[in-house]
Amino acid sequence: MALDDFDRALMAATQGGLPLVPRPYDAVGQQLGVSGQQVRERLAQMLETGLIRRIGAVPNHYRLGFTANGMSVWDVDDALVDQLGERIGQLPGVSHCYRRPRHLPKASPGRSQDAESPSGGDGAQCTPTGGICWPYNLFAMLHGRTRAEVEQQAEQVRELLGTACRGHDILYSTAILKKTGLRLRQSQES
């Protein structure tokens, strides 16, 4: 779907966030020379067609006191990962949850690779010299005020996963590197 000039101007006006005023759509409309109702209607159409995915607040969790943030990574039975991931994404403290592909060691000649076991059915283990090995296929970002709080949340995830979970880890954030979505480049008009 091609963007027209109004779509580009609307996206440029909103991609950095809506104005923090009582009537933000009216403020954007005033900037673009249209009504706030036209802004809301066009954004709704963009959502409906998939041109934009969502409109939502992006809080700075550090400023809110949530400084112990960890990406929990889980080795979950592939047959259940989608169903369980949906449930985990609904837990308090989970800001996002998604599935990613595993990176497992290649099976040695004459050995088979068991898709159900990240260690390979024959006991082949991920080793530092064995190349990239990442057995985790489910990721859930957990937010807490302390690491103990995040670890409690991870235990809730572990309980929810039950026997479908074969291992996990928590990778703690040390800094915010990017806190924005895609930005459209502004055309240079002369």
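Just so it is clear, the model here is predicted, and its values are computed rather than measured.
- Side-chain N or O atoms of Arg166 include none that pairs as donor or acceptor with a backbone N or O of Tyr136 at under 3.5 Å.
- Counting heavy atoms from C-beta outward, Gln45 and Ile52 have side chains that stay 4.5 Å or more apart.
- We find the CZ-OG1 distance between Arg42 and Thr14 to be 11.5 Å, quoted to the nearest 0.5 Å.
- Taking every heavy atom of both residues into account, Ala27 and Val21 meet most closely at CB-CG2, 4.0 Å.
- One hydrophobic cluster holds both Ile88 and Leu80 under the rule that ILVMFWY side chains link at heavy-atom gaps under 4.5 Å.
- The minimum heavy-atom distance between Leu138 and Gly85, with the atom names listed, is CD1-CA, 4.0 Å.
- Gln38 places none of its side-chain heavy atoms less than 4.5 Å from the side chain of Leu32.
- Judged by the 6.0 Å distance and 45° axis criteria, Arg147 is positioned over the aromatic ring of Tyr172.
- For the pair Asn137 (side chain) and Val76 (backbone), a donor-acceptor distance under 3.5 Å is present.
- Smallest separation of non-hydrogen atoms from Ala68 and Arg145: CB-C, 4.1 Å.
- Within the structure, the side chain to side chain donor-acceptor pair (under 3.5 Å) test picks out the following pairs touching residues 85-98 (sequence neighbours left out): Ser95-His143.
- A donor-acceptor contact closer than 3.5 angstrom is absent between the side chains of Gln152 and Gln156.
- The two residues Leu84 and Ala164 make their nearest non-hydrogen contact at CD1-CB, 3.6 Å.
- When every heavy atom of Pro19 is checked against every heavy atom of Val28, the shortest pair comes out as CD-CG2, 3.7 Å.
- Inter-residue side-chain proximity for His168 and Leu161 is flagged as unmet; no heavy-atom pair is nearer than 4.5 Å.
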